[in-house]
Amino acid sequence: MIPFRDNQASRRLTLINVMLIAANVAVFLYEASLGRGSGSFIYQYAMIPARLTSALDGGRELARFPYDSAAPPALETIVTSMFLHGGILHLAGNMLYLFIFGAAVEEAMGHLRFLLFYLICGIAAALAMVAFTPHSTVPVIGASGAIAGVLGAYFVLYPRARITTILPIFVLMYFVEIPAIVYLLIWFVAQLYAGLSQNPEVAGGVAWWAHVGGFMVGMLLGPMLATRVSRARRR
């Protein structure tokens, strides 16, 4: 199910949401400009659970990544990793979800609260990944943990919203409207199931637990920061 649009935001282009999308795209373009050096750049600024676990435990010798002295401190990678992506499809998928769901949540919170909310959810998502895969040395990158928080807030703030969704069936594509509470519940259950099915000792690929953690924090924090209700929700 590919989200196409929602019926909540009165404006599709909101300040912070657009700035976040622009920042992610800009970092990705910089990555691409590095050519073969992009892998080293990503590894430097990615969040590596085992490295962060060591830093949180006070392991001074591992507070900086041992393979590259230029790497930022482990705690800083919680934020830097949120703006890295492994490819154009990874970036496009994350930005699509942020574009569709972020505007209404920003309208509910206001600009500065939304930015704070986004960063907190991203940090919480990274810590959730570390909690469930503390010894993994696989770099974790992407905005999906923070975006999962946006989805969690949307789930609570706009349960009656309608999400126009693209359903590809064989060579045909169908547009159907799905209630937000159904769409996002299916999404969350899929992330949780995938996380439970994953071996934490060899965790890699998609950061399922970051999605689960971000979503749950978004559900809790979203209503606390929301100060406005859109016209669509009032109806």
Side-chain angles (χ1 to χ4, degrees), residues 1-4 6 8 46-50 52-53 56 78 81-82 84-87 89-102 104-105 117-168 176-226:
M1 299 188 299
I2 304 171
F4 181 71
D6 78 323
Q8 290 301 298
M47 191 281 290
I48 300 175
L52 189 57
T53 298
L56 293 174
I78 295 177
S81 62
M82 292 165 54
L84 301 175
H85 289 85
L89 292 180
H90 186 200
L91 174 72
N94 278 347
M95 294 306 101
L96 174 64
Y97 271 82
L98 183 56
F99 180 72
I100 298 297
F101 294 97
V105 176
F117 168 80
Y118 182 90
L119 294 175
I120 290 174
C121 288
I123 292 169
L127 294 177
M129 192 67 186
V130 172
F132 283 94
T133 62
H135 305 299
S136 173
T137 57
V138 178
V140 177
I141 61 174
S144 55
I147 295 169
V150 174
L151 301 187
Y154 195 103
F155 179 77
V156 175
L157 297 174
Y158 304 106
R160 297 182 180 180
R162 309 291 292 186
I163 309 300
T164 301
T165 306
I166 302 173
L167 289 179
V176 297
E177 278 197 350
I178 300 176
I181 193 169
V182 174
Y183 185 98
L184 294 173
L185 186 60
I186 291 173
W187 183 91
F188 177 74
V189 170
Q191 311 308 303
L192 181 61
Y193 175 79
L196 292 171
S197 303
Q198 188 179 56
N199 183 345
E201 297 302 320
V202 294
V206 180
W208 303 113
W209 288 115
H211 299 173
V212 172
F215 189 91
M216 294 181 68
V217 170
M219 286 181 61
L220 293 172
L221 195 57
M224 296 171 60
L225 293 178

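Numbers here simply count residues along the sequence, with the first being 1.
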Side chain to side chain donor-acceptor pair (under 3.5 Å) between T53 and H135, intermediate numbers included: CA-CA 8 Å; T53 298; H135 305 299; over 6 Å; no

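Nearest heavy-atom pair, V217 versus A124, reported as atom, atom and distance to 0.1 Å: CG2-CB, 3.6 Å. In plain terms, the two heavy atoms of A50 and T137 that are nearest each other are CB-CG2, 4.0 Å. Listed here is the closest heavy atom pair of A125 and G145: CB-CA, 3.5 Å. The two atoms that bring L96 and P3 nearest to each other are CD2-O, 3.7 Å, heavy atoms only. Contact detail for M1 and Y183: the closest heavy-atom pair is O-OH, 3.2 Å. Nearest heavy atom pair, residue V156 against residue P223, reads CG1-CG, 3.4 Å.
Between the CD1 atom of I123 and the CE atom of M47 there is a distance of 11.5 Å, given to the nearest 0.5 Å. Put simply, CD1 on I147 and OH on Y118 are 4.5 Å apart, with the number rounded to the nearest 0.5 Å. A distance of 8.0 Å separates CD1 of I2 from OH of Y97, quoted to the nearest 0.5 Å. To the nearest 0.5 angstrom, I186 atom CD1 is 12.0 Å from Q191 atom CD. Remark: F132 CZ to L196 CG distance equals 8.0 Å, nearest 0.5 Å. To the nearest 0.5 angstrom, H90 atom NE2 is 9.5 Å from L84 atom CG.
With W209 contributing its side chain and G195 its backbone, the two residues share a donor-acceptor pair below 3.5 Å.
In this structure, a donor-acceptor pair under 3.5 Å is absent between the side chains of D6 and Y158.
Residue M95 places its CE atom among more than 12 non-hydrogen atoms of other residues, nucleotides or ligands, all under 6.0 Å distant.
Between F155 and F215, the angle of the ring planes lies from 30° to 60°, which puts this pair in the tilted group. Using a 30° and 60° split on the angle between ring planes, Y154 and F101 fall in the perpendicular class, above 60°.
Of the listed residues (L184, L98, I100), just one forms a side-chain contact (heavy atoms from CB on, under 4.5 Å) with L151, and that residue is L184.
Inter-residue side-chain proximity for V150 and C121 is flagged as unmet; no heavy-atom pair is nearer than 4.5 Å.
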